[in-house]
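Report on the structure given below.
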2 protein chains.
Amino acid sequence: MNHKILIVEDERPVREMIRFALERTGFEIQEAPDGHQALAMATDNTPDLILLDWMLPDLSGIELARRFRKDGHTQDIPIIMLTARAEEDDKIVGLDAGADDYVTKPFSPRELIARIKAVIRRSSATANGEPITHKGLSLDPESHRVLANDDPVEIGPTEFRLLQFFMAHPERVYSRGQLLDRVWGSNVYIEERTVDVHIRRLRKCLAPYGYDSFIQTVHSVGYRFSSQG
Amino acid sequence: MNHKILIVEDERPVREMIRFALERTGFEIQEAPDGHQALAMATDNTPDLILLDWMLPDLSGIELARRFRKDGHTQDIPIIMLTARAEEDDKIVGLDAGADDYVTKPFSPRELIARIKAVIRRSSATANGEPITHKGLSLDPESHRVLANDDPVEIGPTEFRLLQFFMAHPERVYSRGQLLDRVWGSNVYIEERTVDVHIRRLRKCLAPYGYDSFIQTVHSVGYRFSSQG
DNA sequence: CCGCTCTGTCACCAAACTGTAATATATTTA
DNA sequence: TAAATATATTACAGTTTGGTGACAGAGCGG
């Protein structure tokens, strides 16, 4: 175990509280009081996860998240946003900026730790090339294959990557722009509507097995993979 | 049993931790803190498996893996890469260099041991000259022969080696570059498309028995041996 | 030296994949 | 309900990728 977590939070008491809770759980902690120090620390000594406050003195948490996502070094580090506001809109913006989860203050240490563990589990699983399975639908990066109840699914390269991304980040909405960044790569110029077409193609591959219902549209926001109806 | 494992890792505590875990499981351990000692040890007292850290003081893990693959003595020793980075890209480069598996730090001893056993199981079959069989198709390294439901299959030398590699590593995609490294040997400069031609020849040999369907194309990725449809 | 097999390349064709635009449907909003 | 927005679906043309047969050189054994 022993994962490194970077806490980016300007209020010292909150920071210390979190540090205390996390160190007790066996995490290794780095702290940064503002965005610039956070950027420096993250590139210097790569953490396994970043806890990011929404409101910072210099950069906003969103802006900072965007920067982490742009840099190759920090691109794949999972980010959890901390925020006082509980509004849906903010949540959407936050997720759009590339956060993996979102915790609203005040939160219990127990909840925070649970979410951290969940996010780390997800991200380290994908990195290891482990097959990801959700309710009978499974994707194996190693053999580059998708199985629906053990039947091989015919699927093209882009659809494969799309599904892989979705299955690694289930139950989360992604905007089209977000998907283009994460699945296609961040410096491509592609029409956002193109995502729709690939979603369509992905659904078509999964439809014979009924798994197309896992790829869900969230109107005016984007798409989500969910194994819950 | 009692396999010899060479640990190549510069940080002493990590090395000792691994040694402790593996010796408890009944493996015999050799340690090397850097690339050059590793090369010397491996040629001196051939191990059955190499655990290779990604970051080493002198050579990079990738470079070292390449060298092992080049040397006739160490060419067929399975390699497991250890790495702190969780990025997909790194994984691809690592496998390209000829690693058989890939474990990201931090890992549990249990996981490491499981992977070691899996890799050894796969490779010791071929090393022992045991025939490998998949659903009626069997390859015997000893007699240098391929049997399809007990009928001898006409097959050329390169196609034999290709099939041998595939059958020893089933259900896993390999890029053309990886196949060139692992089947042809890593210091040849050969056109990647040449692999296609040999795949074609291999399929042609197997076609009369219907086994050509085991050699599968994964579009824009490479090829895979699979006994599943 | 000749005929044989094996190899790596190439050129050409077929198939698969991709992004876009046009059209049809659905959803929201005024 | 109609207009305005957003998404679904289809068709298509360009591009990339894979399949295949032919061929020339290398190596070998007779």
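Convention: sequence-line order gives letters A, B, ...; per-chain numbering from 1. Computed from a prediction, not measured in an experiment: that's the story for all the values here.
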Item to check | Position toward the 5' end of DNA chain C (nearest nucleotide), B:Pro157 or A:Gly156 | outcome: B:Pro157
Mind listing the N/O atom pairs, protein and nucleotides 26-28 of chain C, below 3.5 Å?
none

Does a side-chain N or O from [X] land closer than 4.0 Å to OP1 or OP2 of [N], or not?
X: A:Lys204; N: D:dT9; answer: no
X: A:Tyr223; N: D:dA6; answer: no
X: B:Ser220; N: D:dG18; answer: no

Item to check | Minimum-distance nucleotide to A:Arg176 side chain [options: D:dT7, D:dG19, C:dC17] | outcome: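 For A:Arg176, the side-chain atoms sit closest to D:dT7.
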Item to check | A:Arg200 side-chain proximity, nearest of D:dG19, D:dT10, C:dT7 | outcome: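 Looking only at heavy atoms from C-beta outward on A:Arg200, the closest nucleotide is D:dT10.
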Checklist entry - Looking just at side-chain N and O atoms, do B:Tyr102 and B:Arg115 make a donor-acceptor pair shorter than 3.5 Å? => result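 Distance-only check fails for B:Tyr102 and B:Arg115.
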Checklist entry - Would you say the side-chain atoms of B:Glu171 and B:Ser226 include a donor-acceptor pair closer than 3.5 Å? => result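 Yes, because at least one side-chain N or O of B:Glu171 sits under 3.5 Å from a partner of the opposite role on B:Ser226.
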Item to check | Reading 5' to 3' through nucleotides 8-13 of chain C, protein heavy-atom contacts under 4.0 Å coded B for base, S for sugar-phosphate only, - for none | outcome: BBB---
Item to check | Pair A:Gln216-A:Arg203, side-chain hydrogen bond (donor to acceptor under 3.5 Å, both in side chains): steps then yes or no | outcome: CA-CA 9 Å; A:Gln216 300 169 352; A:Arg203 282 176 174 155; over 6 Å; no
Distance, rounded to the nearest Å, where [X] contributes [atom1] and [N] contributes [atom2]:
X: A:Glu159; N: C:dG19; atom1: CD; atom2: C1'; result: 12 Å
X: A:Ile199; N: D:dA6; atom1: CD1; atom2: C1'; result: 14 Å
X: A:Leu162; N: C:dC17; atom1: CG; atom2: C1'; result: 14 Å
X: A:Asp196; N: D:dT9; atom1: CG; atom2: C1'; result: 10 Å
X: B:Arg203; N: D:dG21; atom1: CZ; atom2: P; result: 13 Å
X: B:Ile155; N: C:dC6; atom1: CD1; atom2: P; result: 11 Å
X: B:Phe160; N: C:dT5; atom1: CZ; atom2: P; result: 20 Å

Tell me, do [X] and [Y] make a side-chain contact under 4.5 Å, heavy atoms counted?
X: B:Leu163; Y: B:Val146; result: yes
X: A:Pro141; Y: A:Leu139; result: yes
X: A:Tyr174; Y: A:Val183; result: no

Next on the checklist: If the threshold is 4.0 Å, N to carboxylate O, is there a salt bridge linking B:Asp212 and B:Lys204?
Outcome noted: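 So B:Asp212 does not pair with B:Lys204 through a salt bridge.
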Item to check | Salt bridge present between B:Arg182 and B:Asp100 (N-O < 4.0 angstrom) | outcome: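 A salt bridge is present here (some side-chain N lies under 4.0 Å from a carboxylate O).
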Next on the checklist: Show the nearest heavy-atom pair for residues A:Ile199 and A:Phe166, with the distance to one decimal.
Outcome noted: CD1-CE1, 3.8 Å
